[in-house]
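The basis for the numbers below is simple: all heavy atoms, side chains too, and nothing from hydrogens, waters or symmetry mates. Just so you know, residue 1 is the first one in the sequence shown, and it goes up from there. Each ligand, and each atom within it, is numbered from 1 in the order the structure gives.
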Amino acid sequence: MLLHFTKMHGLGNDFMVVDLVTQRARLEEAQIRRLADRRFGIGFDQLLVVEPPRDPDMDFRYRIFNADGSEVENCGNGARCFARFVRDQRLTHKHEIRVETAGGPLTLRVEDDGQVRVDMGVPRFAPEALPFDAAEDRLRHALEVAGERLEIGVASLGNPHAVLRVEDVDTAPVARLGPAIEAHPRFPRRVNAGFMQVVSPHEIRLRVYERGSGETLACGTGACAAVACGIRQGLLESPVTVHLPGGDLRIEWAGDDAHLTMTGPAVRVFDGRVALG
Ligand SMILES: N[C@@H](CCC[C@H](N)C(=O)O)C(=O)O
């Protein structure tokens, strides 16, 4: 069968977006890995699937698969592309869109200037929310990685994140420590590893080694997690501009039980059809 898809990106974090509201298909893990391959397939960091909602109070169900085929709970850059996609495809005319994800509900708003603002919910820091093997919720946890003792913050934005403060993201050992943190046994469902450089209370630079996809040009939930950990640790103040290799995001969070919001762009690159073997 031929599957229609759209290629999109949020700050260079790129996606294959598939509408399963008007098409029927079942994508297996091995097929997703083949499609994600940048030489033998279409190439993407994540596959985003638009489905009808199961909950009648929601507009859509939004499912996310990493390049390694694993299904995950949330994707921030993907959420902005999702909002742009469902409006471009005329699957909805709403400006404010409610979607169900495996990590909980999200509210997405397409602004008049084309930017998309996402209510990412309340960040959670309790170890069981990730999950992370630790006795208690702390601002910083010690983690032994490859013979080094690191200090990390942890946060869940539906999906799990570890945040490590570094002096300079340009020289941070992302390729060496990223995979070791991702697969660390204290994170039984693996983890996304963020490397954060604090520039000022309202500005950080960030690189993220993503669970299931490797280092990407931007990670929306990673940006939210880094800012949430930074505010909690007293290093940052809302709003915070996050400079990622692919561009900038604006994150706002009033702390505690307040909802965190992320604002940034969503770009449609091309439409295509692919034969599913
Ligand atoms: N690129 C994403 C996050 C995608 C999922 C992540 N790799 C995970 O496994 O949790 C974003 O923009 O948030």
Side-chain angles (χ1 to χ4, degrees), residues 7-17 29 32-33 36 38 43-49 62-85 99 101-104 106 108 115-121 123-124 129-132 152 154-163 174 178-179 181-184 187-196 204 206-229 240 242-251 253 260-267:
K7 187 75 197 299
M8 300 188 77
H9 76 87
L11 304 177
N13 176 194
D14 65 338
F15 309 110
M16 173 182 176
V17 190
E29 207 171 298
I32 296 172
R33 279 199 298 272
R38 295 196 183 277
F44 52 81
D45 297 322
Q46 276 88 33
L47 165 72
L48 310 180
V49 179
Y62 161 42
R63 296 178 71 192
I64 306 129
F65 299 84
N66 280 328
D68 69 357
S70 56
E71 184 164 6
V72 294
E73 309 86 348
N74 199 0
C75 174
N77 291 323
R80 298 195 313 279
C81 290
F82 184 98
R84 170 96 197 259
F85 178 81
V99 295
T101 72
L106 295 178
L108 325 168
Q115 293 266 307
V116 184
R117 184 178 163 91
V118 184
D119 175 344
M120 300 290 288
R124 288 174 297 150
L130 283 93
F132 174 52
I152 56 160
V154 300
S156 168
L157 270 301
N159 61 345
H161 291 269
V163 181
V174 179
I181 298 173
E182 180 201 10
H184 198 284
F187 293 100
R189 292 220 288 267
R190 301 188 287 159
V191 73
N192 299 286
F195 296 76
M196 165 176 77
I204 61 170
L206 182 74
R207 286 170 66 189
V208 181
Y209 189 91
E210 286 198 28
R211 172 178 70 165
S213 301
E215 186 178 1
T216 55
L217 290 179
C219 176
T221 48
C224 299
V227 170
C229 287
V240 178
V242 181
H243 303 293
L244 296 133
D248 294 353
L249 286 175
R250 178 184 165 95
I251 310 293
W253 186 50
L260 180 150
T261 62
M262 171 195 63
T263 308
V267 177

Requested in this report: Write out the protein residues near ligand 1, meaning a non-hydrogen atom under 4.0 Å from one of its atoms, in order of chain and number.
Outcome: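 Heavy-atom contacts below 4.0 Å: Asn13, Gln46, Asn66, Val72, Asn74, Cys75, Gly76, Asn77, Asn159, Asn192, Glu210, Arg211, Cys219, Gly220, Thr221.
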
Query raised in the report: Would you find a donor on one side and an acceptor on the other, under 3.5 Å apart, between the side chain of Glu73 and the backbone of Gly104?
Result: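 Between the backbone of Gly104 and the side chain of Glu73 there is no qualifying donor-acceptor contact (under 3.5 Å).
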
Requested in this report: Spell out, as yes or no, whether a donor-acceptor pair under 3.5 Å connects the side chain of Asp119 to the backbone of Thr261.
Outcome: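 No.
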
Requested in this report: Identify the two heavy atoms, one from Tyr209 and one from Glu182, that lie closest to each other, and give their separation to 0.1 Å.
Outcome: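 Scanning both residues, the minimum pair turns out to be CE2-OE1, 3.5 Å.
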
Query - Least distance between heavy atoms, Asn66 atom then Ser213 atom - result: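 What the structure gives for the nearest pair is OD1-OG, 3.4 Å.
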
Query raised in the report: Does the side chain of Leu130 reach to within under 4.5 Å of the side chain of Arg189, using non-hydrogen atoms?
Result: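 A side-chain contact is absent here, since even the closest heavy-atom pair is not under 4.5 Å.
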
Query raised in the report: Asp45: what forms a salt bridge (Lys or Arg N to Asp or Glu O under 4.0 Å) with it, not counting sequence neighbours?
Result: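 So Asp45 forms a salt bridge (Lys or Arg N to Asp or Glu O under 4.0 Å) with Arg38.
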
